[in-house]
Amino acid sequence: VQLQASGGGLVQAGGSLRLSCAASLRAFRSYTAAWFRQAPGKDREFVAAVGYSGGITYSEDSVKGRFTVSRDNAKNTVYLQMNNLQPEDAAVYYCAAQALGPVNKAQYGYWGQGTQVTVSS
């Protein structure tokens with residue numbers, strides 16, 4: 001499965017972005033999908049995840065109430081709607097699929113290439 005992330009960019013603090021991650025194969029529909037982020041000099045950290053059917057979601061505490069993860073299996077795509085972005089949200093955002101361990105650990109079978117999110121204060 002190949003994952004193609006898009007939607008990153010430059011936004012002012014308080015603004016919004018919507019990230020998309022398109023998968024190449026229908027097998028994606030049976031996998032948990034997730035978003036992670038990595039800021040310069042920091043470890044990759046969990047942001048949010050969504051179960052294979054889209055009915056169950058998980059979010060890291062700092063993004064709850066601001067970020068929403070969802071998926072459209074008909075389009076083999078997972079989304080991350082990010083509202084009220086803050087400078088500390090700036091990072092390269094990666095999508096991932098097929099959890100091989102706990103959903104909030106970076107143990108996934110497939111990874112996208114990352115998309116840069118920059119937030120100006």
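Predicted model only: the values in this text are computed from it and were never measured.
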Can you tell if the side chain of [X] reaches within under 4.5 Å of the side chain of [Y], non-hydrogen atoms only?
X: Val92; Y: Thr115; result: no
X: Trp35; Y: Val78; result: yes
X: Tyr31; Y: Tyr110; result: yes
X: Ser16; Y: Gln81; result: yes

- request: Could you tell me whether the side chains of Thr77 and Asp72 share a donor-acceptor contact shorter than 3.5 Å?
  value: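 On atom types as modelled, these side chains do not qualify, holding no pair under 3.5 Å.
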Shortest non-hydrogen contact from [X] to [Y]?
X: Ala49; Y: Thr32; result: CB-CG2, 4.4 Å
X: Ser121; Y: Ala13; result: CA-CB, 4.3 Å
X: Ser53; Y: Asn73; result: CA-ND2, 4.3 Å

Hydrophobic cluster membership, with links at side-chain heavy-atom distances under 4.5 Å among I/L/V/M/F/W/Y: are [X] and [Y] in one?
X: Phe67; Y: Val50; value: yes
X: Tyr93; Y: Val11; value: yes
X: Tyr79; Y: Val1; value: no
X: Phe46; Y: Leu19; value: no
X: Leu80; Y: Trp111; value: no

- prompt: Please, which pairs that meet salt bridge (Lys or Arg N to Asp or Glu O under 4.0 Å) have at least one residue in residues 77-89, sequence neighbours excluded?
  reply: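 Output for this query lists Arg37-Asp89, Arg66-Asp89.
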field: Worked check of side chain to side chain donor-acceptor pair (under 3.5 Å) between Asn76 and Arg26
entry: CA-CA 7 Å; Asn76 281 0; Arg26 289 187 60 180; 5.9 Å; no
Flag, side chain of Gln38 to backbone of Ala91, donor-acceptor distance under 3.5 Å: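 Looks like no, no N/O pair under 3.5 Å.
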message: Return the OG to CG distance between Ser120 and Leu85, rounded to the nearest 0.5 Å.
response: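 Reported to 0.5 Å precision, the distance equals 10.5 Å.
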- request: Starting at CD of Gln86, measure out to OG of Ser62 and round the result to the nearest 0.5 Å.
  value: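 Gln86 CD to Ser62 OG: 11.0 Å, rounded to 0.5 Å.
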query: Is the distance between the ring centroids of Phe36 and Tyr108 less than 6.0 Å?
result: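 Centroid separation for Phe36 and Tyr108: below 6.0 Å.
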query: Is the Lys NZ or Arg CZ of Arg71 less than 6.0 Å from the centre of Tyr52's six-membered ring, within 45° of the axis?
result: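 No cation-pi geometry.
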Using atom types as modelled, flag every donor-acceptor pair under 3.5 Å from a side chain in residues 94-104 to any protein atom, sequence neighbours excluded.
none

- request: Report the C-alpha separation of Met82 and Val117 in whole Å, then their side-chain angles, then the decisive distance to 0.1 Å, and conclude whether the side chain to side chain contact (heavy atoms under 4.5 Å, CB included) test is met.
  value: CA-CA 10 Å; Met82 306 186 294; Val117 172; 3.8 Å; yes
Residues, nucleotides or ligands: over 12 heavy atoms within 6.0 Å of Gln107 CD: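 Yes - once you tally the heavy atoms of other residues, nucleotides and ligands closer than 6.0 Å, there are more than 12.
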message: So, using salt bridge (Lys or Arg N to Asp or Glu O under 4.0 Å) as the criterion, who are the partners of Asp43 when residues are at least two apart?
response: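 Partners of Asp43 under the salt bridge (Lys or Arg N to Asp or Glu O under 4.0 Å) test: none.
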